[in-house]
Amino acid sequence: MIRLGVNIDHIATVRNARGESYPSPVQAAAFAEIGGADNITCHLREDRRHIRDADVELLKRTIQVPLNFEIAATEEMVRIASQTKPHAVTLVPEKRQELTTEGGLDFNQVSKKLGDQIQSLRDLGIVVSLFVEADAKAMVMAKKLGAQAIEIHTGHYCRGMQDARTTAEQIALLKPLQEAARVAYEQGLQVHVGHGLNYTNAQWMQLVPHCEEANIGHAIVARALFVGLPQAVREMKALLNDSQFCPSIGS
Ligand code: PXP
């Protein structure tokens, strides 16, 4: 079974667009849970463009499922995570100008402090995951740094799926994710996926070996506008665990 982590950042985006107190990401998390969310994910960005500090505190206190707290590996964010003590922390790269997280961690650029930060979070009992590109070397590096899980960036796969015309092309797009997942598993890392997944491409994650968790936000929040959040979550969870899904090259 692939667990579904529901990212509720964009509920806060809508709230902040008008400077109102609604819609509340905390209330959204409760509705996502009703739909079967296995965890709630939120990203506290340096510029606080969507989720704010108070949201994180309230989420931690009110949700019944684990909190996956996405942050950049900065001193400020690691301090907030250490105080909040979420179930898991996913470390992501962050650029001010980007619309959303654009790539996995660049291990050529990560600071020497990263290993210490991972250890300090782990010492508090927090599961540490690193958001990485689908690249075997990144899996080995993640393990060396002390991470327990990796979240493989699915953005490139998702963009490719928009243009893929045949099942063979779709299957080929999965190859880097499958290879990276295999290496991650061999390293003893939990395999998560996320970014850009939607109602037409998420079911393919079942073909990524050892995939335990998918973190999905934008597509679920967008669909929730029409069918409601619990239903949008239910539909995504069903897609991720659709035992009938079996693409064949001939189709
Ligand atoms: N995983 C990570 C590490 C992310 O940064 C994001 C975007 O915040 C997501 C998953 C969710 O991506 P999307 O909103 O495209 O589903």
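Atoms within each ligand, like the ligands themselves, are counted from 1 in listed order.
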* Asked: Any idea which heavy atoms bring Asn201 and Leu197 closest together, and the distance?
  ->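 Minimum heavy-atom contact is OD1-CA, 3.3 Å.
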
* Donor-acceptor under 3.5 Å (Asn241 side chain, Ile2 main chain) ->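 Looks like yes, one N/O pair under 3.5 Å.
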
* Residue pairs involving residues 119-142 (criterion ring pair (Phe, Tyr, Trp, His ring centres under 6.0 Å); sequence neighbours excluded) ->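 Non-adjacent pairs meeting ring pair (Phe, Tyr, Trp, His ring centres under 6.0 Å): Phe131-His153.
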
For residues 212-222, which side-chain N or O atoms pair as donor and acceptor with protein atoms under 3.5 Å away, sequence neighbours left out?
from   : atom 1 : to     : atom 2 : distance (Å)
Glu213 : OE1    : Arg3   : NE     : 3.3
Glu213 : OE1    : Arg3   : NH2    : 2.9
Glu213 : OE1    : Asn39  : ND2    : 3.2
Glu213 : OE2    : Asn39  : ND2    : 3.3
Glu213 : OE2    : Asn215 : ND2    : 3.1
Asn215 : OD1    : Thr41  : OG1    : 3.0
Asn215 : ND2    : Glu151 : OE1    : 3.0

Considering only N or O atoms, set out every pair between ligand 1 and the protein closer than 3.5 Å, with distances to one decimal place.
from     : atom 1 : to     : atom 2 : distance (Å)
ligand 1 : 1 (N)  : Glu151 : OE2    : 2.4
ligand 1 : 5 (O)  : Glu70  : OE1    : 3.0
ligand 1 : 5 (O)  : Thr101 : OG1    : 2.8
ligand 1 : 14 (O) : His218 : N      : 2.9
ligand 1 : 15 (O) : Gly196 : N      : 2.8
ligand 1 : 16 (O) : Gly217 : N      : 2.8

* Asked: Can we call the ring centroids of Phe245 and Trp204 under 6.0 Å apart?
  ->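 Ring-ring flag for Phe245/Trp204: true, centres closer than 6.0 Å.
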
* **Which residues share a side-chain hydrogen bond (donor to acceptor under 3.5 Å, both in side chains) with Asn16, sequence neighbours left out** =>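 So Asn16 forms a side-chain hydrogen bond (donor to acceptor under 3.5 Å, both in side chains) with Arg52.
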
